[in-house]
Every structure is written in structure tokens, then in C-alpha cells.
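Written out below as C-alpha cells is the structure these notes cover.
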Amino acid sequence: VSRGRAAVNSERFKTAVSHYRKALLLKPGALEAKAGLGVALAGSDPGDEGYREAIDLLTDVVRKDSGNARAWLSLGLAYQMLGSDMQAVAPYKRYLVLEPRGRFADDVRSALASILE
């Protein structure tokens with residue numbers, strides 16, 4: 001998990017995917033590993049199947065940990081990358097509630113503005 005986290009922090013998402021998959025093999029259902037894998041998939045351009053997997057993982061994560069801002073952000077991104085812009089709205093808004101001045105807040109506001117035009 002720590003290697004996956006380091007890879008995500010340095011935006012090496014494909015490497016992070018590999019580390020988080022290994023972590024889930026060792027401890028299936030681990031929430032931190034699920035969250036990390038979902039975030040890494042959303043950032044790695046894995047194609048439609050990968051985005052759907054990210055949505056499944058991140059939906060489970062936010063049900064159990066509604067305060068996980070990065071999971072909400074990545075859930076919105078995964079929906080948007082699948083072309084489901086309206087489904088991205090609620091996760092993006094939740095991210096902004098949790099981190100109104102977060103690192104990605106301005107990007108999320110721009111995405112919401114373009115979706116809701």
C-alpha cells in the first residue's frame with residue numbers, strides 16, 4: 001500500500017495499479033487498497049473497463065468512508081472519462097464540500113461549470 005501511495009503521489013498511476021492489486025491479493029477487501037486502486041485506475045487511462053472497475057471500487061469506498069475526498073474526486077473523474085458527465089456532478093460536489101480549497105478544487109469547479117452549462 002505504501003508503494004502504491006508513493007506511486008500515486010508521483011503520478012505513476014500504472015505502477016500504483018500494480019502495487020495496489022498486489023495489496024488486495026494479500027488482504028482482499030482492504031479499504032485503503034481499494035481506494036488506492038480506484039484512484040490509480042481513474043488516473044491511468046485504463047479504458048472503459050478500467051474506469052468501470054474504478055467506479056465500482058470507489059463507490060464501495062465512499063459508502064464506507066464518506067470523508068475520503070480523493071475517492072470522491074476520482075469517482076467523478078472516472079464517471080467523466082466514461083462520458084457519464086452528469087453522474088460525475090455529485091461526486092465532484094462532495095469533493096468540493098470536503099476540500100473547498102484542495103489541490104484539485106479549481107479543476108473540479110471548471111469541470112462542473114462545463115458539465116452544467
Side-chain angles (χ1 to χ4, degrees):
V1 169
S2 63
R3 287 181 179 172
R5 190 178 318 112
V8 165
N9 289 339
S10 55
E11 298 185 4
R12 295 183 338 250
F13 295 109
K14 290 182 181 181
T15 299
V17 167
S18 174
H19 289 303
Y20 283 120
R21 286 199 190 284
K22 288 176 187 173
L24 281 172
L25 285 174
L26 294 172
K27 198 168 187 181
L31 197 59
E32 186 177 1
K34 280 184 176 185
L37 180 55
V39 167
L41 284 167
S44 70
D45 192 19
D48 288 357
E49 185 176 320
Y51 289 125
R52 282 193 271 290
E53 181 182 5
I55 288 167
D56 290 344
L57 289 163
L58 294 166
T59 298
D60 187 43
V61 169
V62 299
R63 275 191 199 122
K64 295 174 182 168
D65 180 9
S66 63
N68 187 328
R70 187 69 188 258
W72 284 110
L73 170 69
S74 296
L75 181 57
L77 176 62
Y79 275 124
Q80 199 169 20
M81 296 306 290
L82 274 177
S84 300
D85 290 356
M86 290 310 294
Q87 288 181 289
V89 171
Y92 279 160
K93 285 183 175 181
R94 184 68 180 146
Y95 167 77
L96 289 173
V97 166
L98 294 168
E99 293 200 9
R101 292 188 178 99
R103 177 177 166 196
F104 303 102
D106 289 339
D107 294 331
V108 169
R109 284 186 188 91
S110 294
L112 282 170
S114 71
I115 291 169
L116 298 173
E117 287 183 331

- Item | Over all atoms of both residues, closest heavy-atom pair of Val1 and Ala23 | CG2-CB, 3.8 Å

- Quick one: do Leu58 and Lys34 satisfy side-chain contact (heavy atoms from CB on, under 4.5 Å)? Show the steps, please. CA-CA 7 Å; Leu58 294 166; Lys34 280 184 176 185; over 6 Å; no

- Look up atom CD1 in Ile55 and atom CE in Met81, then write down how far apart they are to the nearest 0.5 Å. 11.0 Å

- Message: With clusters defined by side-chain heavy atoms of hydrophobic residues (ILVMFWY) lying less than 4.5 Å apart, directly or transitively, does Leu37 cluster with Leu31?
- Response: no

- Exam field: side chain Tyr79 to backbone Tyr51, donor-acceptor pair closer than 3.5 Å: no

- Which atoms form the tightest heavy-atom contact between Glu99 and Ala69, and what is the distance? OE2-CB, 3.5 Å

- Can you see which heavy atom on Ala88 is nearest to which on Gly76, and at what distance? CB-O, 3.3 Å

- Minimum heavy-atom distance between Ala105 and Pro100, given as atom pair plus value: CB-O, 3.4 Å

- Test side chain to side chain contact (heavy atoms under 4.5 Å, CB included), reference Val17, set Arg21, His19, Lys14, output is Arg21

- Does the Arg70 side chain pair with the main chain of Gly36, one donor and one acceptor, at a distance under 3.5 Å? no

- Message: Once rounded to the nearest 0.5 Å, what's the spacing between atom OG of Ser74 and atom CZ of Phe13?
- Response: 7.5 Å

- Query: So do Ile115 and Gln80 actually touch side chain to side chain, heavy atoms under 4.5 Å?
  - Reply: yes

- Point-to-point distance, once rounded to the nearest 0.5 Å, from CG of Leu24 to CD of Glu32: 10.5 Å

- In short, Thr59 meets Leu75 closest at the heavy-atom pair OG1-CD1, 3.8 Å

- Task: For Ser44 and Leu41, indicate whether the former's side chain and the latter's backbone hold a donor-acceptor pair under 3.5 Å.
- Result: yes

- Item | From CA spacing to verdict: side-chain contact (heavy atoms from CB on, under 4.5 Å), Arg94, Ser66 | CA-CA 9 Å; Arg94 184 68 180 146; Ser66 63; 4.2 Å; yes

- Rounded distance [0.5 Å steps], NZ in Lys93 versus CG in Leu98: 14.5 Å

- Kindly write out the residues that satisfy salt bridge (Lys or Arg N to Asp or Glu O under 4.0 Å) with Asp48, not counting sequence neighbours, or none if the list is empty. none

- Message: How long is the straight-line distance from CH2 of Trp72 back to CG of Asp65, given to the nearest 0.5 Å?
- Response: 10.0 Å

- Task: For Asn68 and Ala71, work out which heavy atoms get closest and say how close.
- Result: OD1-N, 2.9 Å

- Note on the structure: CG of Leu77 to OH of Tyr92, rounded to nearest 0.5 Å, is 5.0 Å

- Task: Treating Ile, Leu, Val, Met, Phe, Trp and Tyr as nodes and any side-chain heavy-atom pair under 4.5 angstrom as an edge, say whether Met86 and Val108 lie in one connected cluster.
- Result: yes

- Query: Can you check whether Ala6's main-chain N or O pairs, donor with acceptor, with Ser10's side chain at less than 3.5 Å?
  - Reply: yes

- Transitively linked via ILVMFWY side-chain contacts under 4.5 Å: Leu82 with Leu116? yes

